[in-house]
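Here the structure comes first, spelled out in structure tokens, and everything after it is commentary.
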Amino acid sequence: DSSRVVPLWIRGALHNEPLVVYGPEKKLDFTYLDDAVDGIRRALERFDAARGKPINISSGTSVEIVSVARMLRELTGSASEIMIKPTRAGEVWTYQADLSRAKQLLNYVPTIDVECGLQRSVDWYKTHLPTHDDD
């Protein structure tokens, strides 16, 4: 049971619970699991080239977090209210990874954009999330 924002919001949206966005200006770089695994696999295969170098494995695109909440509400057909609250102290409010080293050293190029990744995640949760009767 993940407390990360996407799984948390998917579960909430499927149950029509409010989706709380901390920081309407917040933009983050979301990475689909298949892309993350591909990046790690490439780093292992090219270990000598990657050794000792920090390499970002990500989508390389930042997305407004409130847009993610809206997409999830739409993808789930939810009636969830999106509640906007101020950014919490200490949280990153904007992040977009630089993929130049991953592309150069690993030939890494992400293939799953945020909307496709969210759709795949929603589909998985719809299949695997227990209904309220099963809780």
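Position 1 is the first residue of the sequence; numbering continues from there.
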(message) Do Phe30 and Ile65 have side chains that approach each other closer than 4.5 Å (heavy atoms only, starting at C-beta)?
(response) yes
(request) Determine the minimum heavy-atom distance between Leu75 and Val122, stating which atoms define it. (result) O-CG1, 4.0 Å
(request) Following the transitive rule for hydrophobic clusters with a side-chain heavy-atom cut-off under 4.5 Å over Ile, Leu, Val, Met, Phe, Trp and Tyr, establish whether Val92 and Trp9 coincide in one cluster. (result) yes
(request) State plainly whether the residues Lys126 and Asp123 are in salt-bridge range, i.e. N to O under 4.0 Å. (result) no
(message) Nearest 0.5 Å, please: how far is CZ in Arg41 from CG in Asp34?
(response) 11.0 Å
(request) Please confirm whether the backbone N or O of Ser78 pairs with a side-chain atom of Asn16, one donor and one acceptor, at under 3.5 Å? (result) no
(message) On a heavy-atom basis, which atom in Ala97 and which in Ser58 lie closest, and how many Å separate them?
(response) CB-CB, 3.6 Å
(request) Please report the closest heavy-atom contact between Tyr108 and Lys103, naming both atoms and the distance. (result) O-CG, 3.1 Å
(request) Is it possible for you to say whether Ile82 and Val6 belong to one hydrophobic cluster, with membership spreading through side-chain heavy-atom contacts below 4.5 Å? (result) yes
(request) Would you please say whether a donor-acceptor pair under 3.5 Å links the side chains of Ser100 and Asp98? (result) yes
(message) Between Val21 and Met83, does the side chain to side chain contact (heavy atoms under 4.5 Å, CB included) criterion hold? Intermediate values first, please.
(response) CA-CA 6 Å; Val21 175; Met83 299 174 60; over 6 Å; no
(request) Give the minimum heavy-atom separation between Lys85 and Val20, together with the two atoms involved. (result) CD-CG1, 3.8 Å
(message) Measuring only between side-chain heavy atoms, which start at C-beta, is Ile55 closer than 4.5 Å to Leu105?
(response) yes
(message) Using a strict threshold of under 4.0 Å (side-chain N to carboxylate O), is an ion pair present between Glu64 and Arg70?
(response) no
(message) If hydrophobic clusters are built by linking Ile, Leu, Val, Met, Phe, Trp and Tyr wherever their side-chain heavy atoms come under 4.5 Å apart, do Val114 and Tyr125 end up in the same one?
(response) yes
(message) Please check: side-chain N/O of Asp35 versus main-chain N/O of Pro110, any donor-acceptor pairing under 3.5 Å?
(response) no
(message) Measuring only between side-chain heavy atoms, which start at C-beta, is Gln96 closer than 4.5 Å to Lys27?
(response) no
(request) Mind checking the CG-CZ spacing from Leu72 to Arg11? Nearest 0.5 Å is all I need. (result) 12.0 Å
(request) May I ask you to test the Tyr32-Leu118 pair for a side-chain heavy-atom distance under 4.5 Å? (result) no
(request) Identify the two heavy atoms, one from Leu19 and one from Ala13, that lie closest to each other, and give their separation to 0.1 Å. (result) CD2-N, 3.8 Å
(request) Using only heavy-atom distances, determine whether the side chains of Ser59 and Thr31 contain a donor-acceptor pair under 3.5 Å. (result) no
(request) Nearest 0.5 Å please: distance from the NZ atom of Lys53 over to the CD atom of Gln104. (result) 9.0 Å
(request) For the pair Glu45 and Arg42, find out whether any cationic side-chain nitrogen is under 4.0 Å from an anionic carboxylate oxygen. (result) no
(request) Show your working on side chain to side chain contact (heavy atoms under 4.5 Å, CB included) between Val63 and Leu28 and close with a plain yes or no. (result) CA-CA 5 Å; Val63 179; Leu28 300 176; over 6 Å; no
(message) For a 4.5 angstrom cut-off between non-hydrogen side-chain atoms, does Leu99 reach Ile57?
(response) no
(message) I'd like to check the side chain to side chain contact (heavy atoms under 4.5 Å, CB included) partners of Glu25; sequence neighbours left out, ordered by chain and number.
(response) Thr87, Trp93
(message) The criterion is salt bridge (charged side-chain N to carboxylate O under 4.0 Å, His left out); which residues satisfy it with Asp113, sequence neighbours excluded?
(response) none
(request) Flag yes if Trp124 and Ile112 sit in one hydrophobic cluster, no otherwise; membership is Ile, Leu, Val, Met, Phe, Trp, Tyr, and two members link when side-chain heavy atoms are under 4.5 Å apart. (result) no
(message) Count I, L, V, M, F, W, Y as connected when their side-chain heavy atoms are under 4.5 Å apart, and connections chain through other members. Are Tyr95 and Val5 then in the same cluster?
(response) yes
(request) Check for a donor-acceptor pair, side chain of Arg73 on one end and backbone N or O of Glu81 on the other, with a separation under 3.5 Å. (result) no
(request) Start with the C-alpha distance between Met71 and Gln119, add both sets of side-chain angles, then the distance that settles side chain to side chain contact (heavy atoms under 4.5 Å, CB included), and finish with yes or no. (result) CA-CA 9 Å; Met71 282 187 253; Gln119 181 64 65; over 6 Å; no
(request) Classify the side-chain pair Ser62/Asp29 by whether it contains a donor and acceptor separated by less than 3.5 Å. (result) no
